Undergrad: 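Before I ask anything, here is the structure I am working with.
Source: prediction; values computed, not measured. Position 1 is the first residue of the sequence, and the numbers go up from there. Any value given below was found using the heavy atoms of this structure, including those in side chains, with hydrogens, waters and symmetry copies removed.
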Amino acid sequence: MDYRIRTMSEEDSLRDDIGLAAEVDNKAVGAVWVRVMNDYGHIDNDTPSFAISLYKDYRGLGIGTALMREMLRILKDRGYKQASLAVQKANYAVEMYQKTGFVIMDENEEEYIMLCRLQ
């Protein structure tokens, strides 16, 4: 399957608000975005938090992994030292996050807080 990853806002992306979309046959099938915000995955004010979503039919094909890797590359190029996310413990994507370099830093009853160091 051929897919393309593009910056959601090709012009003037804010430093702390970055998005990428995956397209198949000119149809958006998934997106990942990061922003420094006080959310469930918040580590500190210098660490952007991830959010990612793919349509079910496009999961398990490597698209989510490609989105994550490209976003991590962008963050590293922009000088970020790390990125974080929060994920439900039962979410199938935990393994994909670990494969892209995230490690579990903390957990509560329902979620893992994960961190990826970019150095």
Undergrad: Which residues satisfy the salt bridge (Lys or Arg N to Asp or Glu O under 4.0 Å) test with Asp44, sequence neighbours excluded?
TA: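 In terms of salt bridge (Lys or Arg N to Asp or Glu O under 4.0 Å), with neighbours along the sequence ignored, Asp44 is linked to no residue.
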
Undergrad: Applying the 4.5 Å side-chain criterion to the ILVMFWY set and letting contacts propagate, would Tyr40 and Tyr112 be lumped into a single cluster?
TA: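 In one cluster with Tyr40: Tyr112, no.
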
Undergrad: Hey, would you say the Phe50 and Phe102 ring centroids sit under 6.0 Å apart?
TA: yes

Undergrad: Within this structure, what is the CZ-NZ distance for the pair Arg69 and Lys99, rounded to the nearest 0.5 Å?
TA: 6.5 Å

Undergrad: Do Val36 and Leu115 belong to the same hydrophobic cluster, where Ile, Leu, Val, Met, Phe, Trp and Tyr are linked whenever their side-chain heavy atoms lie under 4.5 Å apart, directly or via other members?
TA: no

Undergrad: Do Ile63 and Val94 sit in the same hydrophobic cluster, where Ile, Leu, Val, Met, Phe, Trp and Tyr count as joined when their side-chain heavy atoms come under 4.5 Å apart?
TA: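 Yes, Ile63 and Val94 fall within the same hydrophobic cluster.
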
Undergrad: If I compare all heavy atoms of Met37 with all of Ser49, which pair ends up nearest, and what's the gap?
TA: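 Answer, listing the atom of Met37 first, then Ser49: O-OG, 4.1 Å.
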
Undergrad: Supply the atom-to-atom distance Arg78 CZ to Leu118 CG, rounded to the nearest 0.5 angstrom.
TA: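 Here the rounded value is 13.0 Å.
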
Undergrad: Using every non-hydrogen atom in the two residues, find where Asn108 and Lys89 come nearest and quote the distance to one decimal.
TA: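 Heavy-atom minimum between the residues: O-NZ, 2.9 Å.
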
Undergrad: Do you know the tightest heavy-atom contact between Leu75 and Ala83?
TA: CD1-CB, 3.9 Å

Undergrad: Are the side chain of Asp25 and the backbone of Lys27 linked by a donor-acceptor contact shorter than 3.5 Å?
TA: no

Undergrad: Please name the pair of heavy atoms, one in Glu70 and one in Leu20, separated by the smallest distance, quoted to 0.1 Å.
TA: CG-CD1, 3.6 Å

Undergrad: In Å, rounded to the nearest 0.5 Å, how long is the span from CE of Met68 to CZ of Arg73?
TA: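 Going from the CE atom of Met68 to the CZ atom of Arg73 covers 14.5 Å.
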
Undergrad: Drop me the distance from Met114's CE to Asp106's CG, to the nearest 0.5 angstrom.
TA: 12.0 Å

Undergrad: What are the two closest heavy atoms between Ser84 and Gly41, and how far apart are they?
TA: OG-O, 2.6 Å

Undergrad: Under a 4.5 Å side-chain heavy-atom rule over Ile, Leu, Val, Met, Phe, Trp and Tyr, are Met71 and Ile113 clustered together?
TA: no

Undergrad: How long is the gap from CD1 on Ile52 to CG on Leu67, to the nearest 0.5 Å?
TA: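 Going from CD1 on Ile52 over to CG on Leu67, the span is 5.0 Å.
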
Undergrad: Does Lys81 have any salt bridge (Lys or Arg N to Asp or Glu O under 4.0 Å) partners at least two apart in sequence or in another chain, and if so, which?
TA: none

Undergrad: Can you measure from CE (Met105) to CD (Gln82) and round to the nearest 0.5 angstrom?
TA: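 It is 7.5 Å, given to the nearest 0.5 Å.
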
Undergrad: Please say yes or no: joined through hydrophobic side-chain contacts below 4.5 Å, possibly via intermediate residues, are Val32 and Ile18 part of one cluster?
TA: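 Yes, Val32 and Ile18 fall within the same hydrophobic cluster.
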
